[in-house]
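Keep in mind that this is a model prediction, so the values were computed, not measured.
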Amino acid sequence: MSETLANKETTLDGREFRSRLDTLLPLFVLLAGLGARLIEAKDYFLNPDEALHYLSASQPSVDLAYKAALTNAHPPLLILVLYYWRALGQSELMLRMPSVLAGTACCWLVYLWLKQITDRSTAFMGLLLFSFAPSLIGLSAEVRQYALLLFFMAGCLYLSERAIQENSRPLMVLFSLCLYGALLTHYSSLLFAFTMGVYMFLRLYPYGKQPALVAVWVCGQIGALALIGYFLVTHVERLRRMGMPQEIAETWLRKSIFHAGDNNVVVFASTQTLRVFTYLFSHGLVGTLALLAFLAGLVSLLGRKIPWNKNGPTPRELAILFALPFVANCGAAIGGLYPYGGTRHNAFLAPFAIGGAAIGLASWIPARLWAKSLVLGIALALCNFFPAPPPLIRSRNHSVALMRNSVNYLRQSVPPGSVLLADYQSGLLLGYYACGHGIVQVFPPLQRFAKADCGPYTVITAGTQEWRFNANDLPDQLTKVAETYGLAPGTKVWLFDAGWITDLAPALTRGNQHHDCSEPHTFGENILICSLTVGGNPVVSRAN
């Protein structure tokens, strides 16, 4: 009798331990994901886009901040948030904190959503993937729209499911508010809104079963359409007239837009879908495996007859939810409307990609959760510590200390009264780190070059058409600057070059050409300071 009681107590203790572990383990993963985001947000200097968002928010009034936001290719919510957030601090970490918090909260909301539509094991694997996918860590540690967008998207997914299962009108109102938040954050939310509209249309059928809930949802959709229409007319049309979408589609996002002469539709769709997963996991092999898991998840859903939750979505409804955003995004790229591929602009696909992959992994044999979690942990460690392809600015070149050292060198070595020259991306960083205020042009009409004060220096920065200087074009740029601002031959101009991919440092410091770019100092591979002379020899030999 006593042995039976002891065995029962041991069994109960084991169940209690597993129950506590099931409760605490997701929280540990969430805290670890928060830690990864905080480390990256603290250690790296702002990239040019982050500095641009900060500059747009750093206006004398909220009205000007809103107008500055409309000069960018995104809706204005992040800029307005930053306008007020700056009062709490303007360090890199503080400016990135809204993204860190939103990105971390998004992980938890995705976990709760997956628990509602699948099971605890699948949700936990989704939490692991979402918390430690390298691209999502990076986007959650930057002054960008994507973490806020994913937060609102995750809120939509979670709240819509709860609203339907609980027949709750207040939760459906919150769903609509989250949808508005997503629409005010990034234009990729238009594809998300389309996906959710189709999914909710299917989930709420038959509509007479929950008439009040359907009415609230319809009202929310009308509000969303009004919001979309307003920004299409007042903002997107203005960007189109400026030629911004066409310029982007023909330059650095060209590979992510379908061009009939480059390849056929099937090859484009297949290649770009793989690039989406490669981007999310920052690794070609792991991205390929994640895509295979996603496809296995769709097959599993199409073959499954019974939903996980009797009040939840059917497996086929989930298959539509996970696949439709990829189809819509690919269709938009084929139509030349929106990029599809290995770019952050497709980050909105992350909840669907990871949700589908988690379902595929959940059907994997062996079925023990610890084994699958161990394999996921190894794969995610490989992605984070050995990214392939590497980021545009490698970690060793992205340290805040490097940027601070470059600014200290500038202040100690460049005489007061000197002229500094920077392209647009470098001017954004120079304004934040050295001048304490924006020095690049924000509001049109934009000049080719603009002059601004930076403490004891005069800074001349290029307009947006010269986002970064090309080494072979720099002599002509210097001549144009001298003609515009009356710089006499022999005047020394200090070049500050920093940001993403740049060819100036290797070109200007090659061989024995230091006399053309005197006193060159590099700080990592992405920051260069050197002295140029107006009217001197060409900075870079055309033969090179």
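Below 30°, between 30° and 60°, or above 60°: for Y146 and H186 the angle between ring planes is between 30° and 60°, a tilted geometry. Ring geometry for F201 against W217 counts as tilted: the plane angle lies between 30° and 60°, on a 0 to 90° scale. The aromatic rings of Y340 and F326 sit perpendicular to each other, their planes meeting at more than 60°, with 30° as the lower class boundary. A tilted orientation is assigned to the rings of W108 and Y111, their planes being inclined by 30° to 60°.
Summarising the local packing, CZ of F386 is surrounded by 12 or fewer heavy atoms from other residues, nucleotides or ligands at distances under 6.0 Å.
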Stepwise side-chain contact (heavy atoms from CB on, under 4.5 Å) check, S256 with Q272: CA-CA 7 Å; S256 298; Q272 298 307 105; 3.9 Å; yes
CA sep, side-chain torsions, deciding dist, call: L289, F277, side-chain contact (heavy atoms from CB on, under 4.5 Å): CA-CA 9 Å; L289 295 175; F277 283 84; over 6 Å; no
Residue pair H235, L239: steps toward the side-chain contact (heavy atoms from CB on, under 4.5 Å) verdict: CA-CA 6 Å; H235 189 209; L239 297 176; 3.7 Å; yes
side-chain contact (heavy atoms from CB on, under 4.5 Å) between L324 and F194, intermediate numbers included: CA-CA 9 Å; L324 183 58; F194 169 75; 4.1 Å; yes
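Closest of all the heavy-atom pairs between S131 and I137 is O-CG1, 3.5 Å. For the residue pair G427 and A422, the shortest heavy atom distance occurs at N-CB, 3.8 Å. Residues L149 and S189 approach most closely at CD1-CB, 3.9 Å, considering heavy atoms. Here the closest heavy-atom approach between residue G155 and residue L109 is recorded as N-CD1, 3.9 Å. C107 and R37 get closest at one heavy-atom pair: SG-NH2, 3.6 Å. Closest approach of L78 to R144, counting heavy atoms only: CD2-C, 3.3 Å.
For the pairing with E92, the side-chain hydrogen bond (donor to acceptor under 3.5 Å, both in side chains) check across Y433, Y54, Y44 returns one residue only, Y433. Among the candidates L95, L52, L55, the single residue satisfying the side-chain contact (heavy atoms from CB on, under 4.5 Å) test with Y432 is L95.
Looking at S363, its side chain does come within 3.5 Å of a backbone N or O of G360 through a donor-acceptor pair. Side chain of T71 to main chain of A68: a donor-acceptor pair is present (N/O by atom type, distance under 3.5 Å, no hydrogens or angles). A donor-acceptor pair is defined here as one N or O able to donate and one able to accept, closer than 3.5 Å; no such pair exists between the side chain of H437 and the backbone of G431. A donor-acceptor distance shorter than 3.5 angstrom exists from the side chain of N346 to the backbone of P339, with no hydrogens or angles considered. At least one donor-acceptor pair under 3.5 Å links the side chain of N47 to the backbone N or O of D49. Checked by atom type and distance alone, the side chain of D423 pairs as donor or acceptor with a backbone atom of F469 at under 3.5 Å. With S160 contributing its side chain and L157 its backbone, the two residues share a donor-acceptor pair below 3.5 Å. Between the side chain of S426 and the backbone N or O of A498 there is at least one donor-acceptor pair closer than 3.5 Å. With hydrogens and angles disregarded, a donor-acceptor distance shorter than 3.5 Å links the side chain of N384 to the backbone of F132. Put simply, the side chain of N526 never gets that close to the backbone of N397: no donor and acceptor are under 3.5 Å apart.
Remark: C178 SG to L159 CG distance equals 5.0 Å, nearest 0.5 Å. Once rounded to the nearest 0.5 Å, the distance linking CD1 of I320 with CZ of R203 reads 12.0 Å. Rounded to the nearest 0.5 Å, atoms CG (L227) and CG (L184) are 4.5 Å apart. Between atom CG of residue N329 and atom CZ of residue F192 there is a gap of 13.5 Å, rounded to the nearest 0.5 Å. The distance from the CE atom of M125 to the CG atom of L376 is 7.0 Å, given to the nearest 0.5 Å. Rounding to the nearest 0.5 angstrom, the gap separating the CD atom in Q116 from the CG atom in L114 is 10.0 Å.
At least one side-chain heavy atom of S373 sits under 4.5 Å from a side-chain heavy atom of L128. Within the 4.5 Å cutoff, the side chain of Q221 has heavy atoms near those of the L179 side chain. When side chains are defined from C-beta on, F130 counts as touching P351, because their heavy atoms get closer than 4.5 Å. Residues F281 and L129 are in side-chain contact: their nearest non-hydrogen atoms beyond the backbone lie under 4.5 Å apart. The closest side-chain heavy-atom distance from W500 to W467 is below 4.5 Å. Two residues are said to be in side-chain contact when any heavy atoms from C-beta on lie closer than 4.5 Å; L191 and P325 fail this criterion. In this structure, the side chains of M403 and F523 stay at 4.5 Å or more apart for every pair of heavy atoms. Contact check for T195 versus L321: side-chain heavy atoms found under the 4.5 Å cut-off.
Partners of K67 under the salt bridge (Lys or Arg N to Asp or Glu O under 4.0 Å) rule, at least two apart in sequence or in another chain, are D63. Under the salt bridge (Lys or Arg N to Asp or Glu O under 4.0 Å) criterion, R96 pairs with E50, sequence neighbours left out.
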